[in-house]
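Just so we're on the same page: letters track the sequence lines, and every chain starts at 1.
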2 protein chains.
Amino acid sequence: MPTRRSTATMKDVALKARVSLATVSRAFAAPGSVSETLTQRIVAAARDLNYTLNVNARSLRSQSSGLVVVLIPDIGNPFFSVLLQGIEEQARALGLAILIGDTHGDRELAATYARLLDTRRADGMILLNGTVPNRAHDGARLSPQRYPVVAISERIPGADIAMVGINNRAAGFEAVAHLAGLGHRRIAHIMGPADNILTHERAQGYREGVLAHGCDLWPEALQPGAFSIRAGRAAMAKLLDGPAPPTAVFAANDEIAIGAIIEAKARGLHVPRDLSVVGFDDIEYAESYDPALTTINQPRREMGRRAMAMLGELITDPDHRQADVNLEYQLVVRASTAPPRVASRKPVSRT
Amino acid sequence: MPTRRSTATMKDVALKARVSLATVSRAFAAPGSVSETLTQRIVAAARDLNYTLNVNARSLRSQSSGLVVVLIPDIGNPFFSVLLQGIEEQARALGLAILIGDTHGDRELAATYARLLDTRRADGMILLNGTVPNRAHDGARLSPQRYPVVAISERIPGADIAMVGINNRAAGFEAVAHLAGLGHRRIAHIMGPADNILTHERAQGYREGVLAHGCDLWPEALQPGAFSIRAGRAAMAKLLDGPAPPTAVFAANDEIAIGAIIEAKARGLHVPRDLSVVGFDDIEYAESYDPALTTINQPRREMGRRAMAMLGELITDPDHRQADVNLEYQLVVRASTAPPRVASRKPVSRT
DNA sequence: AGCGACGCTGTAAACCTTTACATGAGTTGT
DNA sequence: ACAACTCATGTAAAGGTTTACAGCGTCGCT
């Protein structure tokens with residue numbers, strides 16, 4: 001018969017240590033403020049009684065929970081895992097715990113998690129999905145009060161929320177520049193979901209790159225898609241079915257890139273000989289794939305750390321205005337890109 | 001100047017609705033127990049005042065948090081993501097939230113999360129890493145009191161904790177049976193980390209399979225490893241450097257399998273023509289890999305759901321004894337296995 | 001009419017901690 | 001020697017909810 005422990009409280013500890021309740025509280029909260037003798041007595045008593053702080057009581061009284069909500073659209077997406085580790089690392093350093101909310105892209109669900117802020121159950125929130133959940137929560141009304149919130153990777157339009165990420169437009173440009181530098185002139189782009197802000201930034205970078213390097217830009221060059229292998233495959237199929245297929249593809253993320261490669265292989269094409277592919281994100285499997293993916297590496301751990309650090313400041317000082325942070329990305333050249341088999345024209349020099 | 005909302009409490013709602021505090025509480029907690037008229041007045045007042053329940057106060061009073069801790073050794077491991085979704089789904093159905101604790105295999109960290117149970121901040125715990133964290137927490141002493149805990153996938157030795165998973169031994173056996181059925185006689189096994197229980201169960205299944213099908217069993221056939229691509233690669237290299245390399249490999253999980261394939265390819269071998277590989281887990285990338293992985297599929301979402309359901313029962317009734325649950329697994333045959341190039345002997349029929 | 005039962009509502013205690021304020025002892029400065 | 005401080009400690013209120021218990025009106029039954 002598992003007996004729940006009749007929990008010891010501060011009162012019990014105070015009694016046993018022959019001090020007042022307040023002194024016990026202070027002994028734990030502000031180590032300097034209680035004399036050496038008493039502190040020792042208190043610690044000993046707490047140990048003997050197997051005392052543990054009741055966090056709910058503390059939160060109730062101090063109006064803060066020590067918890068931070070992290071909203072993720074899909075925890076299965078490997079892009080987020082390292083990010084999460086960075087967040088968690090920094091959170092621990094700040095004495096905070098994180099609560100991961102997987103929204104599956106469901107706004108309703110996101111709102112549920114966001115409500116944790118309202119109920120004082122969380123002190124702040126990190127957004128990973130490019131949408132402000134509160135908005136959905138009860139119609140169009142945005143919560144009037146401001147909570148500590150920071151966004152990672154995606155700038156949230158119309159919301160005054162600090163962000164840490166990379167310059168996606170520039171990265172997209174660089175991906176195209178790499179392909180153009182190899183001699184490709186017919187470069188397609190498979191995009192992410194239309195409602196995602198990153199999609200447009202990367203596509204914009206693509207467009208500028210294509211223009212700057214004098215490459216082709218035909219109507220079907222920009223394929224709509226989604227951040228998944230399946231979508232990448234489907235889009236690649238369309239591209240390959242077109243009248244003049246591209247010799248290279250810039251995919252909006254690595255999963256799309258993998259999908260594209262699968263489809264190309266299925267049609268007997270060799271990557272990179274017949275088709276070059278560059279991805280985005282540099283997920284763990286990018287390096288292990290066959291061929292190893294050329295892709296844009298984002299400093300994910302650092303992004304997580306920085307975001308959490310910013311949030312920490314915001315929690316202690318809500319009036320603090322945080323500026324956006326843009327970190328360095330990196331084009332990682334691996335085996336999925338090569339010069340086109342028959343260079344349509346001679347290689348274009350980079351501007 | 002972001003003004004924190006001067007939060008409305010139940011008292012305010014009671015005042016506005018001209019009822020007592022208790023009635024408001026009951027109106028929310030037990031819908032049936034308050035008259036229609038009052039309920040309406042209360043709901044209206046709550047809406048007008050923008051009232052939200054203070055969860056900390058509730059937790060303090062009711063001694064439960066509505067939170068469940070899920071301990072994961074590595075959130076980056078794709079095996080866990082779907083599992084998590086199953087857990088989360090079921091948790092939501094039960095009105096519980098989950099707190100994901102990534103331990104990075106660090107016992108100290110696991111103990112930190114486990115302490116959430118002590119501090120009444122969590123009502124229960126789901127273990128995904130095969131170790132009981134409390135044990136590490138303060139030396140050898142296991143907490144005397146019992147908390148609602150259930151383990152997924154790994155039976156925890158020496159602890160009386162209910163588990164949901166699959167029969168890993170049988171699955172290992174089946175993997176070998178599949179290879180033997182294709183005609184392989186020289187089948188190696190790359191194992192997971194030695195301190196993991198699954199490692200031994202799968203290895204045991206392998207041994208029994210090899211024996212039952214009259215295959216070779218040489219000293220180096222069982223390669224120690226870890227659940228990672230890198231480890232799989234290294235082990236495969238050793239196997240291939242041996243005097244009589246295997247024609248097939250059973251890897252303890254998919255990442256090992258991918259590592260093994262990478263190494264084989266690097267040496268100019270073709271999979272499955274020169275080497276058959278079967279993995280374990282059927283992670284998302286198994287299907288997309290080249291070649292698509294033959295592997296053991298675990299019903300991950302269902303495992304998560306069941307575990308959470310069991311935990312739910314345990315939370316409401318701590319005395320309830322839960323029996324272990326073994327779910328159905330499935331061997332998924334894809335492109336990474338084939339008959340050996342030169343069948344060493346004629347195909348062995350399955351017993 | 002009287003009695004018990006029942007259903008709804010109110011009163012007040014309890015949950016455990018933090019913290020403003022009060023107290024008193026010890027120290028410093030003049 | 002005494003005022004003015006400092007410092008460690010104690011007292012008690014506050015934080016927002018749940019819930020045992022009590023009160024009261026209504027209904028049905030005899």
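- In this structure, D324(A) contributes its side chain and A162(A) its backbone to no donor-acceptor pair below 3.5 Å.
- Rounded to whole Å, the distance from CD1 on I42(A) to C1' on dG10(D) is 12 Å.
- In this structure, V19(A) reaches the sugar-phosphate backbone alone: every heavy-atom distance under 4.0 Å involves primed, P, OP1 or OP2 atoms, never a base.
- Of the possible polar contacts, none joining the T23(A) side chain to the V19(A) backbone as a donor-acceptor pair under 3.5 Å is found.
- Among the heavy atoms of the strands lying under 4.0 Å from T9(A) are primed sugar atoms or P, OP1, OP2 only; no base atom is included.
- Here S20(A) does not reach the OP1 or OP2 of dT11(D): none of its side-chain N or O atoms lies under 4.0 Å away.
- The backbone N or O of G66(A) lies less than 3.5 Å from a partner atom in the side chain of D123(A), making a donor-acceptor pair.
- Position along DNA chain C of the nearest nucleotide to S33(B) versus A29(A) favours S33(B) as the more 5'-ward residue.
- Taking atom CG on L38(A) and atom P on dC7(D), their separation rounds to 17 Å, with Å as the unit.
- Minimum atom distance to the side chain of R26(A) is reached by dG10(D), of the listed dT18(C), dT17(D), dG10(D).
- For S35(A), counting side-chain heavy atoms from C-beta on, the closest listed nucleotide (dG10(C), dT9(D), dG16(D)) is dT9(D).
- Between L53(B) atom CG and dT18(D) atom C1' there is a gap of 10 Å when expressed in whole angstrom units.
- Going from atom CG of N54(A) over to atom C1' of dA14(C) covers 13 Å, rounded to whole Å.
- Using a distance-only test at 3.5 Å, with no hydrogens or angles considered, a donor-acceptor pair links the side chain of S59(A) to the main chain of S64(A).
- A distance of 11.5 Å separates CD1 of I100(B) from CZ of F80(B), quoted to the nearest 0.5 Å.
- Ranking dG10(C), dT17(D), dC16(C) by closeness to the T23(B) side chain, first place goes to dG10(C).
- For the pair R121(B) CZ and dC16(C) C1', the interatomic distance rounds to 15 Å; values are reported in whole Å.
- Considering only the side chain of L60(B), dC16(C) comes nearest among dT17(D), dC16(C), dT17(C).
- For dA14(C), the OP1/OP2 oxygens have no side-chain nitrogen or oxygen of Q63(B) closer than 4.0 Å.
- The nearest whole Å value for the distance from the CZ atom in F28(A) to the P atom in dC16(C) is 15 Å.
- Looking at S153(A), its side chain never comes within 3.5 Å of a backbone N or O of G165(A) through a donor-acceptor pair.
- With hydrogens and angles left out, the side chain of R61(B) and the base of dT18(D) share a donor-acceptor pair within 3.5 Å.
- Whole-Å rounding puts the K11(A) NZ to dT11(D) C1' distance at 14 Å.
- At dT18(C), none of the side-chain N or O atoms of S62(A) fall inside 4.0 Å of OP1 or OP2 (strictly under the cut-off).
- Note on L21(B): a base of the nucleic acid sits closer than 4.0 angstrom, heavy atoms only.
- The distance from atom CG of L15(A) to atom P of dT9(D) is 17 Å, rounded to the nearest whole Å.
- Side-chain N/O atoms of R58(A) include one lying less than 4.0 angstrom from OP1 or OP2 on dT18(C).
- When distances are taken from the side chain of A22(A) to each of dT9(D), dT11(D), dT18(C), the shortest belongs to dT11(D).
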